[in-house]
S.K.: 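Here's a structure for you.
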Protein chains: 2
Amino acid sequence: MATHDPAGASTAERVEQAALRLFALRGFEGTGIRSIADEAGITLGSLYHYIGTKEDLLDRLMQKSMRGLLDPGREIVEATDNPRERIVKLVELHVRRHAEDNLLSIVGDAEIRSLTPARRRKAVALRDSYETLWEETISEGSRQGDFHVPDVKLATFALLEMCSGVAYWYSPNGRLSLDAIAKAFVEMALSLLGVDPVGTAPDARPERRPRHRARP
Amino acid sequence: MATHDPAGASTAERVEQAALRLFALRGFEGTGIRSIADEAGITLGSLYHYIGTKEDLLDRLMQKSMRGLLDPGREIVEATDNPRERIVKLVELHVRRHAEDNLLSIVGDAEIRSLTPARRRKAVALRDSYETLWEETISEGSRQGDFHVPDVKLATFALLEMCSGVAYWYSPNGRLSLDAIAKAFVEMALSLLGVDPVGTAPDARPERRPRHRARP
DNA sequence: AGGGCATTCGATCGACCGATCGACGGACGG
DNA sequence: CCGTCCGTCGATCGGTCGATCGAATGCCCT
């Protein structure tokens, strides 16, 4: 029942985790089905009682990866009016998922190309929907004068890409806690968006430090 | 002599370009040597008069990709004192190369994992050297009070990643010119770094617009 | 105790993988 | 006019790929 790699995981869960590790490490094409079976501790014949084809397995991981971003992303957009608050929550979501589920995120981001056309189209559609959440938020924020970016689409791509990179270097044993990392990325994102340092919170927080740039 | 895919390219050049296209599109492991031969317009047997092994071919592309960033990057660092000017030039270099040589950049960024350990170590060392140029620039800029970032290393990763993303969507026929894209990324990078809007150039340019501007 | 079913296994399939080889050919220098 | 040699080719190597199948096993429910 536990979703996070319990010691006594079922075989199906071990298979999925094994595939995830290997796909993230060596890529889909670079991973043989025998390696997956080995990593899961079963034989090749047994493996095929859990996966349909190798691509079915990838497709399921892919869906899981994108759903884990798109669904909470939509909730955020529906629940938040203010573009500034929205982008803060979107960045936090994106960074946290790319850190906590870094393997799934790597596969989701990098292996779209390994899907056959029909499935790739669906995956691309999901990704586009997710990116649209960001783009509309940034566009709205620019329209309202909260954000100041040279180009909405470029800012969207830049922001998404910079947050996705977390998946490639995050380690739970690293120098910074995930909270600290998320906070830093929110700060950098707002800065990139040209958000006026003063003022999201209407209730004035007196302890706010100068954030960036001490304007003399 | 032309370096950019002349119509009458030599066979060796056609082979390299073919491999580059395919590695960038399908990945190293996802590309068969027969596909490379086909794409280059020769037979499999002939192919092996130009490449050593498939990995030799990748390694050469890899070196080319990293050298194309590291060498000019070092020149910039040596020629520029001011961290602000330095980072502007580094961003321009990185974005321009990831756009103009997007296939080579994609392969260089994504296929390090496909190299065997000895070669991978060398490639990683080159990449680390390049990233150090950025990190030291950002660190120095922070020390001098020009930049204001939550964390130097996080800012380095964020900046590099956001600029690398250009390789995946740039098209010479796109909505924006490469000059415009580079300019926008410089602007976003400086904003992310919390650079004070006023004043890089000591010689006061009167026509400087309000940086982020509200477009009428 | 026994029936039924999910799970596992080893053997095996044809296709494709990266890589090698000897033969052919034609352009060019002597 | 002939020998040399670089580039090209088709054939072929052993190995690995993804995928399938029937038989054996273990477990649960009745």
Side-chain angles (χ1 to χ4, degrees), chain A residues 1 6-62 107 110-120 123, chain B residues 6-62 107 110-120:
Chain A
M1 203 53 172
S10 74
T11 306
E13 283 166 348
R14 278 191 292 115
V15 166
E16 186 165 292
Q17 288 301 313
L20 196 51
R21 269 194 298 270
L22 292 170
F23 286 170
L25 185 64
R26 309 191 212 274
F28 176 75
E29 323 262 10
T31 301
I33 49 177
R34 285 162 184 82
S35 306
I36 302 175
D38 286 351
E39 183 95 355
I42 56 178
T43 61
L44 174 60
S46 302
L47 180 68
Y48 273 87
H49 277 262
Y50 294 96
I51 70 177
T53 68
K54 190 189 173 193
E55 199 202 346
D56 289 340
L57 177 54
L58 173 62
D59 193 46
R60 252 174 286 136
L61 293 173
M62 215 73 175
V107 171
E111 299 296 346
I112 285 193
R113 70 173 175 202
S114 301
L115 292 171
T116 44
R119 290 171 147 161
R120 179 165 57 233
Chain B
S10 74
T11 306
E13 284 165 345
R14 281 198 344 260
V15 166
E16 186 164 293
Q17 288 300 313
L20 196 51
R21 270 193 297 270
L22 292 171
F23 287 170
L25 186 64
R26 309 190 214 273
F28 176 75
E29 323 262 12
T31 302
I33 49 178
R34 285 163 183 82
S35 306
I36 302 175
D38 286 351
E39 182 93 357
I42 56 179
T43 61
L44 175 60
S46 302
L47 181 67
Y48 274 86
H49 276 260
Y50 295 95
I51 71 176
T53 67
K54 190 189 172 191
E55 198 200 346
D56 289 341
L57 178 54
L58 173 62
D59 193 48
R60 251 175 287 136
L61 292 173
M62 215 73 173
V107 171
E111 299 295 345
I112 286 192
R113 70 172 177 201
S114 301
L115 292 172
T116 44
R119 288 171 147 159
R120 180 166 54 232

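The sequence lines fix the lettering, A, B, ..., with proteins before strands; numbering per chain opens at 1. Quantities reported herein were computed from a predicted structural model and do not represent experimental measurements. Reckoned from all heavy atoms, side chains included, excluding hydrogens, waters and symmetry mates.
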S.K.: Drop me the distance from B/R120's CZ to B/E55's CD, to the nearest 0.5 angstrom.
M.R.: 9.5 Å
S.K.: For DNA chain D, whose closest nucleotide is more 5', that of A/H49 or that of A/G32?
M.R.: A/G32
S.K.: Could you state the atom-to-atom distance from CG of A/L44 to P of C/dT12 in whole Å?
M.R.: 14 Å
S.K.: Nearest 0.5 Å, what's the CG-OG distance between A/L44 and A/S35?
M.R.: 10.5 Å
S.K.: Check every atom of D/dT8, C/dG18, D/dA19 against the side chain of A/K54 and return the nucleotide holding the closest atom.
M.R.: D/dA19
S.K.: Given D/dC9, is OP1 or OP2 found less than 4.0 Å from the side-chain N or O atoms of B/T43?
M.R.: yes
S.K.: Can we say A/D56 and A/R119 salt-bridge, meaning some charged N sits less than 4.0 Å from an Asp/Glu carboxylate O?
M.R.: yes
S.K.: Between A/T31 and D/dC17, is there a contact of a side-chain N or O with OP1 or OP2 at under 4.0 Å?
M.R.: no
S.K.: In whole Å, I'd like the distance from the CD atom of A/E55 to the C1' atom of D/dC17.
M.R.: 16 Å
S.K.: Please state how far atom CD1 in A/I51 lies from atom C1' in C/dT7, giving the value in whole angstrom units.
M.R.: 15 Å
S.K.: How long is the line joining CG of A/L47 and P of D/dG18, in whole Å?
M.R.: 10 Å
S.K.: Can you check the A/E29 CD to C/dC16 C1' distance for me, whole Å?
M.R.: 13 Å
S.K.: Please state how far atom CD1 in B/I42 lies from atom P in C/dC24, giving the value in whole angstrom units.
M.R.: 21 Å
S.K.: Please determine whether a side-chain nitrogen or oxygen atom of A/S46 lies at a distance below 4.0 Å from atom OP1 or OP2 of C/dT7.
M.R.: no
S.K.: According to a strict under-4.0 Å criterion, is A/T53 in side-chain N/O contact with OP1 or OP2 of D/dG18?
M.R.: no
S.K.: Rounded to the nearest angstrom, tell me the gap between atom OH in A/Y48 and atom C1' in C/dG10.
M.R.: 15 Å
S.K.: Check the distance between C/dG18's P and B/D38's CG and give it to me in whole angstrom.
M.R.: 12 Å
S.K.: Rounded at 0.5 Å granularity, tell me how far CD in B/E39 sits from CD in B/Q17.
M.R.: 10.0 Å
S.K.: Could you grab the distance from atom CZ of A/R26 to atom CZ of A/R21, nearest 0.5 Å is fine?
M.R.: 11.5 Å
